[in-house]
Asks: 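I am attaching a structure below and will ask some questions about it afterwards.
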Amino acid sequence: MKRRPEGVRTRVVHCDVGFLKTLKTFHGGHMRFSKTCVPTLRETPSEAEAASHRLLLRAGYIRRLASGLYIFMPLGWRVMERINAVIREEMARIGAQELLLPVLHPADIWQKTGRWFEIGEEMFRLRDRTGRDMCLGMTHEEIMTWLASREIRSYRELPQVWYQIQTKLRDEARPKSGIMRTREFIMKDSYSFDRDENGLARSYSLHEEAYHRIFRRCGLRFYQVESDPGMMGGAGAHEFMAPSPAGEDDIALCASCGYAANVELARSVPPEAEPVEMPFEEVHTPGKRTVQEVSAFLGLSPEHFIKSLLYVSDSGPVLVLLRGDQELQERKLQRLVGPCRPARKEEVVEILGVEPGFIGPMGQQVRTVADEVLREGVYVSGANRADHHVKGIRPGRDFTAEWADLHLAKAGDGCSACGSPLRIERVIEIGNIFKLGTKYSVPLKAYYLDENGKEHPIVMGSYGIGPARIAAAAVEQNHDDNGIIWPEGIAPFDAMVLPLQMNSEDVLRVSEEIYRGLTDRGIDVFIDDRDERAGVKFKDADLIGIPLQVIVGEKGLRDGVVELKTRRTGEKRTVKADDAAGEIAEVIRRARQPAAGSA
RNA sequence: CGGGGCGUAGCGCAGCCUGGUCAGCGCACCUGCCUUGGGAGCAGGGGGUCGGUGGUUCGAAUCCACUCGCCCCGACCA
């Protein structure tokens with residue numbers, strides 16, 4: 001071990017012995033600031049942009065090791081463990097069993113489901129010393145299903161819900177926003193095993209309930225929205241989304257009927273185009289390529305145009321048609337035609353025989369898919385001839401196409417269910433639930449025997465929660481200029497005691513009494529026993545964001561009181577210094593009611 | 001992977017355009033005095049291969065090339 005140079009005083013020491021005793025449960029506990037590594041920063045490190053990233057760094061909760069790799073400092077880890085404790089309680093409530101799987105997986109299991117080949121660079125791969133292919137788990141469907149295939153034989157053993165809180169590794173293309181998107185992260189992932197679809201539906205709704213309880217207890221505002229099952233495969237999927245401008249996803253919401261979906265699949269009805277009449281004719285449009293240019297040139301608004309885009313899929317080129325004022329939601333296209341990308345300019349010329357800008361739906365031989373919005377009306381589009389467009393195109397008469405929902409839902413579009421205007425909100429994905437069906441159980445041979453001795457694949461679901469995302473979202477939704485304001489359910493401590501004058505015997509005595517008194521009552525307390533000026537302690541306390549501050553100063557003690565400051569509101573009240581702990585404990589107990597909920 | 005930006009003391013930054021007292025500032029840290037309810041004051045002090053490598057030059061933090069790392073936007077996100 002390297003020795004520190006003489007004379008360098010270390011601030012990194014151990015926590016209270018008393019805390020060690022309770023450490024096992026991660027509940028309860030008390031710590032002294034002077035003996036805890038809480039390196040607060042007066043200034044924001046330049047790498048941080050998002051509020052949660054900035055504040056968690058400044059308040060000493062996290063440190064960055066490398067891009068997308070974060071260290072949880074003592075306070076940060078306490079928050080994570082509090083979140084995990086909430087998750088464990090709620091998982092237990094629905095009868096889920098906790099277990100722990102390896103992070104290092106043999107390749108052959110992933111090869112059996114095909115994901116070894118489908119997943120690209122995002123999977124960390126390696127070989128062991130014998131040359132066997134291995135990977136680091138980015139999720140655990142394969143391993144859980146493997147386990148089930150060996151251990152579950154009979155319908156009598158179903159249903160089962162297994163979960164773990166385990167590290168996942170994904171070589172993210174772009175880690176970002178501190179702990180929001182990292183390459184290594186902890187995830188609660190559970191898997192349900194049922195004999196049929198009805199059983200799955202039950203397991204699924206149990207998880208829905210558990211997730212609502214978990215996120216509410218963590219003090220988050222959140223939505224449950226329909227999501228894209230994607231490559232997870234299967235019948236249905238929802239995401240739990242915490243609204244925040246720092247998020248990475250957008251969701252569409254209908255205030256009147258409650259429709260809520262990720263924009264990746266949200267259906268919407270764009271505003272109708274004013275009907276116009278135009279004769280069928282080719283027009284000269286020299287150098288006018290984009291919808292905007294042609295629209296201005298012809299004096300016709302964009303919704304009277306057909307936008308033609310060429311994509312290249314694994315099965316060949318696809319011509320995509322959208323109304324001129326609409327944008328393509330690529331996910332929707334991918335669900336229809338498989339993985340695809342926009343064609344390059346040369347490819348467009350080669351495949352369609354015309355330059356981008358003058359492509360149109362008429363007379364082309366390639367597979368053509370068109371957004372439903374185009375079914376009715378008369379349009380202008382490219383003539384498939386340089387510098388020319390065609391007016392008066394009627395879908396169905398002048399071209400045929402596969403019809404599909406392809407456009408991106410926008411704010412103000414009509415709700416596809418009830419017609420009311422949709423709202424779009426930016427969100428952080430904090431959890432997801434998927435109906436997997438038999439996508440994994442079949443290839444991995446996870447079968448059970450029914451009452452008649454007949455073999456069936458187990459019907460599965462998978463359900464994830466990102467505790468670090470919860471922490472990040474909680475900070476995003478709960479902070480002010482001075483720092484973090486933790487929701488009561490996940491704060492690293494319930495209360496923080498601030499002795500303002502460390503040279504005053506009375507201040508110290510009362511502070512210690514409160515510290516011990518609260519601890520004895522099962523309250524988690526942090527005491528700032530550093531020999532710092534009052535101002536420093538106030539600033540750090542606000543930054544760190546523990547919900548209740550107990551301010552013990554000579555000023556108050558002269559009147560026989562200590563002050564309680566609520567971090568969120570800044571409100572202060574006084575309580576008698578004698579036996580203050582009892583009253584403070586009562587205040588904390590009352591504040592523990594969950595504050596937020598499904599938005 | 002495409003686009004943009006940034007690497008100078010633990011943190012935040014100036015200096016770079018126009019090479020030459022440019023190794024500098026604030027905070028933090030150490031010592032002393034003083035102060036003690038919202039990141040005090042004064043005095044003194046320690047700390048930097050200017051991300052790395054190679055070039056241009058009498059001379060490079062500064063110009064050029066390559067390289068590594070990091071951040072932001074986009075793509076991706078099983």
Side-chain angles (χ1 to χ4, degrees), chain A residues 5-11 39-50 53-54 57-58 60 63-69 110 113-123 135 137-142 168-178 180-183 185 187 189 227-234 237 239 246 248-249 262 264 330-331 334 339-342 344 429 432 434 436 439-440 462 464 466 481-483 498-504 507 528 530-543 549 551-558 562-563 565 570 572:
Chain A
E6 288 306 321
V8 175
R9 204 170 49 133
T10 174
R11 288 191 296 165
T40 57
L41 266 20
R42 192 192 292 235
E43 279 164 301
T44 303
S46 57
E47 67 191 50
E49 196 114 317
H53 190 194
R54 258 189 299 121
L57 226 35
R58 275 195 60 205
R63 285 295 183 262
R64 188 180 60 81
L65 204 216
S67 179
L69 299 175
W110 284 80
T113 61
R115 288 163 111 192
W116 176 266
F117 311 104
E118 284 163 24
I119 298 170
E121 288 177 308
E122 205 179 333
M123 181 185 253
C135 64
M138 37 200 307
T139 173
H140 283 75
E141 280 78 14
E142 273 78 0
K168 311 283 181 207
L169 292 116
R170 295 180 191 175
D171 196 357
E172 287 287 348
R174 184 148 99 82
K176 59 177 290 196
S177 306
M180 204 101 85
R181 186 170 207 82
T182 53
R183 295 193 292 174
F185 56 97
M187 185 168 154
D189 49 322
S227 77
D228 180 5
M231 298 294 274
M232 295 292 276
E239 286 164 328
E248 304 180 272
D249 287 289
N262 194 310
E264 287 174 354
E330 281 196 20
R331 266 306 167 84
Q334 283 174 9
C340 58
R341 59 169 176 83
R344 287 185 291 270
E429 182 188 347
N432 52 41
F434 293 96
L436 299 176
K439 180 180 157 90
Y440 296 91
S462 96
D481 290 346
N482 295 318
L498 307 181
L500 297 186
Q501 293 85 19
M502 293 300 288
N503 55 5
S504 156
V507 168
D528 190 350
R530 295 173 302 168
D531 189 12
E532 287 285 358
R533 302 167 64 87
V536 174
K537 295 191 178 190
F538 286 134
K539 287 290 183 190
D540 274 345
D542 285 351
L543 217 209
Q549 296 171 12
I551 299 162
V552 184
E554 282 175 334
K555 199 196 270 180
L557 255 29
R558 277 198 288 272
V562 299
E563 286 159 81
K565 179 183 153 188
K572 284 186 184 170

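This one's a predicted model, so the numbers in the text were calculated from it and none came from an experiment. Residue numbers start from 1 in every chain, and the chains themselves are labelled A, B, ... in the order their sequence lines are given, proteins ahead of strands.
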Asks: Tell me the partner of B/C70, counting only Watson-Crick (N1-N3 plus N6-O4 or O6-N4) or G-U wobble (N1-O2 and O6-N3) with both under 3.5 Å; none if nothing fits.
Replies: B/G5
Asks: Can you tell me how far P of B/U36 sits from CG of A/Asp531, to the nearest Å?
Replies: 14 Å
Asks: From the list B/G39, B/C70, B/C72, which nucleotide is the closest neighbour of the side chain of A/Glu47?
Replies: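 Taking heavy atoms from C-beta onward, the closest nucleotide is B/C70.
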Asks: Please determine, for the side chain of A/Gln334, which listed nucleotide (B/C76, B/G12, B/C70) has the closest atom?
Replies: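 Selected nucleotide (nearest to the side chain): B/C76.
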Asks: Taking the C1' atom in each of B/G39 and B/C1, what is the distance between them to the nearest angstrom?
Replies: 44 Å
Asks: Side chain of A/Ser177: nearest nucleotide among B/C70, B/A75, B/C72?
Replies: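 Looking only at side-chain atoms, A/Ser177 lies closest to B/C72.
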Asks: Could you tell me how far B/A60 sits from B/G41 if I compare only their C1' atoms? Round to whole Å.
Replies: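 Approximately 41 Å lies between the C1' atom of B/G41 and that of B/A60.
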Asks: Could you check if a side-chain atom of A/Thr182 sits within less than 4.5 angstrom of a side-chain atom of A/Glu172, using non-hydrogen atoms only?
Replies: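 No, every pair of side-chain atoms sits at 4.5 Å or beyond.
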Asks: Which residue in the set A/Lys537, A/Glu532, A/Arg533 passes side chain to side chain contact (heavy atoms under 4.5 Å, CB included) when paired with A/Met502?
Replies: A/Lys537
Asks: What I'd like to find out is whether the side chain of A/Arg170 reaches to under 4.5 Å of the side chain of A/Arg183, using heavy atoms alone.
Replies: no
Asks: Can you tell which of B/G37, B/G39, B/G12 lies closest to the side chain of A/Arg58?
Replies: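 That would be B/G39.
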Asks: Nearest whole angstrom, please: distance from the P of B/U35 to the CD of A/Glu554.
Replies: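 Distance check: A/Glu554 CD to B/U35 P gives 14 Å.
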Asks: Have a look at A/Lys537 and say if it touches a base, only the backbone sugar-phosphate, or nothing, with a 4.0 Å heavy-atom cut-off.
Replies: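 No contact.
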Asks: Please tabulate the protein-to-nucleotide N/O contacts below 3.5 Å involving nucleotides 2-9 of chain B, giving atom names and distances.
Replies:
none

Asks: Taking only the C1' atom of each, what is the distance from B/G20 to B/G15 in whole angstrom?
Replies: 14 Å
Asks: State whether the distance check finds a donor on one side and an acceptor on the other, under 3.5 Å, for side chain A/Glu563 versus base B/G37.
Replies: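 Between B/G37 and A/Glu563, which were checked side chain against base, a qualifying N/O pair under 3.5 Å is present.
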Asks: Looking only at side-chain N and O atoms, does A/Thr44 come under 4.0 Å of OP1 or OP2 in B/G12?
Replies: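 False: A/Thr44 side-chain N/O out of range (4.0 Å or more) of B/G12 OP1/OP2.
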Asks: From CD of A/Glu532 over to C1' of B/U36, roughly how many Å is that when rounded to an integer?
Replies: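 My rounded result for the distance is 12 Å.
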Asks: Separation of A/Asp542 atom CG from B/G39 atom C1', in whole Å?
Replies: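 It works out to 11 Å between those atoms.
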Asks: Could you check which nucleotide pairs with B/U18 in any of the strands shown, counting Watson-Crick or G-U wobble with both distances under 3.5 Å?
Replies: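 In the structure as shown, B/U18 has no Watson-Crick or wobble partner.
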Asks: Is a donor from one side chain sitting under 3.5 angstrom from an acceptor on the other, for A/Ser227 and A/Asn262?
Replies: no
Asks: CG of A/Leu69 versus P of B/G69: gap in Å, rounded?
Replies: 13 Å
Asks: Please tell me if A/Arg533 has a side-chain N or O lying less than 4.0 Å from either OP1 or OP2 of B/G37.
Replies: no
Asks: Considering only side-chain heavy atoms of A/Gln501, which listed nucleotide, B/G39, B/C76, B/U36, is closest?
Replies: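 Looking only at heavy atoms from C-beta outward on A/Gln501, the closest nucleotide is B/U36.
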Asks: What I want to check is whether the side chains of A/His53 and A/Lys176 have a donor and an acceptor closer together than 3.5 Å.
Replies: no
Asks: Which residue lies toward the 5' end of RNA chain B, A/Glu330 or A/Leu41, if each is placed at its nearest nucleotide?
Replies: A/Leu41
Asks: If we call it a pair only when both distances are under 3.5 Å in a Watson-Crick or G-U wobble match, what pairs with B/A65?
Replies: B/U53
Asks: So if I take every side-chain heavy atom of A/Phe538 and compare against B/G38, B/G39, B/C72, which nucleotide ends up nearest?
Replies: B/G38
Asks: So, do A/Val552 and A/Leu557 sit near enough that their side-chain heavy atoms are less than 4.5 Å apart?
Replies: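 Contact flag for A/Val552/A/Leu557 side chains = yes.
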Asks: Both A/Trp110 and A/Val536 contact RNA chain B. Which one's nearest nucleotide lies toward the 5' end?
Replies: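 On the 5' side of the pair lies A/Val536.
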Asks: Give me the distance, rounded to whole Å, that separates B/U62 from B/C50 when you measure between the C1' atoms they each carry.
Replies: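 To the nearest whole Å, 10 Å.
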Asks: Under the side chain to side chain contact (heavy atoms under 4.5 Å, CB included) rule, collect the residues that match up with A/Glu563, sequence neighbours excluded.
Replies: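 If we apply the side chain to side chain contact (heavy atoms under 4.5 Å, CB included) test to A/Glu563, skipping adjacent residues, the hits are A/Ile551, A/Lys572, A/Thr574.
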Asks: Could you please name the option among B/G38, B/A28, B/C72 that lies closest to any side-chain atom of A/Arg42?
Replies: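 Taking heavy atoms from C-beta onward, the closest nucleotide is B/A28.
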Asks: How far does the P atom of B/G12 sit from the matching atom of B/C72, given to the nearest Å?
Replies: 14 Å
Asks: I'd like to know if A/Arg115 pairs up with A/Glu141 as an ion pair, taking the criterion as any Lys NZ or Arg NE/NH1/NH2 lying under 4.0 Å from an Asp or Glu carboxylate oxygen.
Replies: yes
Asks: Measure the distance from CG on A/Asp249 to P on B/G74 and round it to the nearest whole Å.
Replies: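 Rounded to whole Å, this separation is 12 Å.
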Asks: Within the modelled atom types, does a donor on one side and an acceptor on the other bring the side chain of A/Glu43 and the base of B/G26 under 3.5 Å apart?
Replies: yes
Asks: Expressed in whole Å, how much space separates the C1' atoms belonging to B/G46 and B/C27?
Replies: 16 Å
Asks: For the pair made of CZ in A/Arg64 and P in B/C70, what is the distance, rounded to whole Å?
Replies: 6 Å
Asks: My understanding is that a pair needs two contacts under 3.5 Å, Watson-Crick or G-U wobble. By that rule, which nucleotide pairs with B/C33?
Replies: B/G41
Asks: Report yes if a side-chain nitrogen or oxygen of A/Lys572 is closer than 4.0 Å to either non-bridging phosphate oxygen (OP1 or OP2) of B/G37; otherwise report no.
Replies: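 So the side-chain polar atoms of A/Lys572 never come under 4.0 Å of the phosphate oxygens OP1 or OP2 of B/G37.
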Asks: Rounded to whole angstrom, note down the C1' distance from B/G52 over to B/C70.
Replies: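 These two C1' atoms come out 15 Å apart once rounded.
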Asks: Taking CZ from A/Arg54 and C1' from B/C72, how many angstroms apart are they, rounded to a whole number?
Replies: 15 Å
Asks: Give the nucleotide from the list B/G38, B/C70, B/G37 with an atom nearest to the side chain of A/Lys539.
Replies: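 The nucleotide sitting nearest to the side chain is B/G38.
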Asks: Could you tell me the Watson-Crick or G-U partner of B/A28, where both distances fall under 3.5 Å? Say none if there is no partner.
Replies: none
Asks: Does the pair A/Glu49/A/Arg54 count as a salt bridge with the N-to-O cut at 4.0 Å?
Replies: no
Asks: For A/Lys539, enumerate each residue passing the salt bridge (charged side-chain N to carboxylate O under 4.0 Å, His left out) test, keeping only those at least two apart in sequence or located in another chain.
Replies: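 With sequence neighbours excluded, A/Lys539 shows a salt bridge (charged side-chain N to carboxylate O under 4.0 Å, His left out) to no residue whatsoever.
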Asks: Roughly how far apart, to the nearest Å, are B/G55 and B/A43 at atom C1'?
Replies: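 Taking atom C1' in both B/G55 and B/A43, they lie 47 Å apart.
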